[in-house]
Number of protein chains: 2
Amino acid sequence: MRIGELAERTGVSVRALRYYEEQGLLGSERTGSGQRQYGEPAVDRVRLIQQLYGAGMSSASILELLPCVVTGIATPEMLERMREHRASVVRQIAELQDTLLRFDAVMANAVTSHDTGVSCHMANGQDTPGDQIVAVSMTNR
Amino acid sequence: MRIGELAERTGVSVRALRYYEEQGLLGSERTGSGQRQYGEPAVDRVRLIQQLYGAGMSSASILELLPCVVTGIATPEMLERMREHRASVVRQIAELQDTLLRFDAVMANAVTSHDTGVSCHMANGQDTPGDQIVAVSMTNR
DNA sequence: GCTACCTCTGACGTCAATGTCAGGTTTCTA
DNA sequence: TAGAAACCTGACATTGACGTCAGAGGTAGC
């Protein structure tokens with residue numbers, strides 16, 4: 001497929017795909033006239049790249065690890081790097097779960113204390129059941 | 001406390017703290033000479049801000065939610081925003097957990113091939129034809 | 001009061017991942 | 001075989017969360 005289709009199928013912009021290639025993250029065949037041609041695996045490849053970006057990795061880190069992830073072959077040094085990245089992901093998950101707890105605390109509290117109506121401006125027409133001001137309490141711990 | 005101490009206690013740079021203030025995320029008293037003075041709650045506030053940044057929120061989003069957090073008052077609209085952000089966090093966690101699985105798969109497999117001493121250092125993304133995304137056992141033995 | 005460090009306000013620099021634009025070529029569709 | 005749409009290669013612009021520097025004033029220990 002050509003770059004436009006890959007972009008559409010992955011939800012990534014054409015510009016981004018070219019950037020990935022520039023960074024060495026994504027290869028492509030070229031037609032005689034120079035247009036990029038991708039095979040099916042490119043779709044998953046792009047998604048993987050996006051996933052690693054989402055895990056907070058830089059292009060350089062991804063570049064380092066991607067071949068290993070793709071081929072499943074790594075040197076001990078690569079394994080060590082991967083362990084570090086893995087640990088980072090674990091930390092991120094823990095942080096996000098903590099954040100989730102905070103959100104839940106706020107929202108749960110808001111629901112149960114909706115009758116302590118404190119004056120505050122509110123949206124017009126937005127008819128949620130019990131659409132009065134809601135009091136929440138979320139201490140900074 | 002002054003800004004330097006707050007920075008040290010939160011692990012956030014002085015520049016970042018001033019930036020938070022600029023964005024309306026963090027208030028401060030001022031001494032007669034204009035120096036910022038913070039109370040104890042500022043420490044937790046900064047950590048909360050960091051946490052929300054870590055959850056991928058922009059300054060604008062944080063600014064939207066913080067008053068609710070601080071005053072304990074939310075409109076139904078704000079609650080809706082919170083639900084959206086919560087959902088985003090849930091998605092991020094799921095993504096990261098998936099990433100974790102990929103890492104684990106690669107590492108588990110790579111261990112078995114570590115003694116083949118195969119170099120994992122080539123960059124151009126277009127490695128072997130028929131490349132797999134998730135590591136599969138493709139080593140000998 | 002000296003000295004060393006801390007803080008202030010601008011203002012410009014950075015970095016990574018993209019956006020955007022220009023000017024030209026290729027491919028598809030009617 | 002047009003004309004539209006997609007693609008190409010540069011190259012500069014943007015965005016967010018800061019870093020960094022300059023020049024000036026504040027603060028604290030001796």
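Below, chain A is the first sequence line, B the second, and so on; all start at residue 1.
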Next item on the list: Treating Ile, Leu, Val, Met, Phe, Trp and Tyr as nodes and any side-chain heavy-atom pair under 4.5 angstrom as an edge, say whether L17(B) and L52(B) lie in one connected cluster.
Entry: yes
Next item on the list: Take the protein atom CD1 of I62(B) and the nucleotide atom C1' of dC18(D), then report the distance between them rounded to whole Å.
Entry: 14 Å
Next item on the list: Take S33(B) and Q50(B), find for each the nucleotide of DNA chain D with the closest heavy atom, and name the residue whose nucleotide sits nearer the 5' end.
Entry: Q50(B)
Check: Choosing from dA17(D), dG19(C), dT27(C), which nucleotide comes nearest the side chain of T31(A)?
Finding: dT27(C)
Checklist line | Same apolar cluster (I L V M F W Y, side chains within < 4.5 Å links), I62(A)/L101(B) | finding: no
Margin query: Please compare Q35(A) and R15(A) by the position of their nearest nucleotide in DNA chain C and report the one closer to 5'.
Written below: R15(A)
Check: Quick one: M57(B) CE to dT15(D) P, roughly how many Å, whole number?
Finding: 22 Å
Note to self: Strictly below 4.0 Å: does Y20(A) bring a side-chain N or O up to OP1 or OP2 of dT18(C)?
What the structure shows: yes
Checklist line | Per R36(A) side chain, nearest of listed nucleotides dT9(D), dT27(C), dT27(D) | finding: dT9(D)
Item checked: E95(B) backbone acceptor or donor facing T99(B) side chain under 3.5 Å -> yes
Checklist line | Protein-nucleotide distance (E22(B), atom CD; dT9(C), atom P), rounded to Å | finding: 10 Å
Item checked: E21(B) CD - dG10(C) P separation (whole Å) -> 12 Å
Next item on the list: Could you tell me whether E8(B) atom CD has more than 12 heavy atoms of other residues or ligands within 6.0 Å of it?
Entry: no
Note to self: Distance check needed: dG10(D) C1' versus R18(A) CZ, whole Å only.
What the structure shows: 11 Å
Notebook entry, point to check: Whole Å only: how far is the OH atom of Y19(A) from the P atom of dC12(D)?
Noted result: 18 Å
Next item on the list: Decide, yes or no, whether a salt bridge links E21(A) with R18(A) under the criterion of side-chain N to carboxylate O below 4.0 Å.
Entry: no
Next item on the list: Can you figure out which of dA17(C), dT9(D), dA6(D) approaches the side chain of S58(A) most closely?
Entry: dA17(C)
Notebook entry, point to check: Roughly, in whole Å, what's the span from CZ in R2(A) to P in dT25(C)?
Noted result: 17 Å
Check: Atom CD1 of I3(B) and atom C1' of dT27(D): how far apart are they, to the nearest Å?
Finding: 16 Å
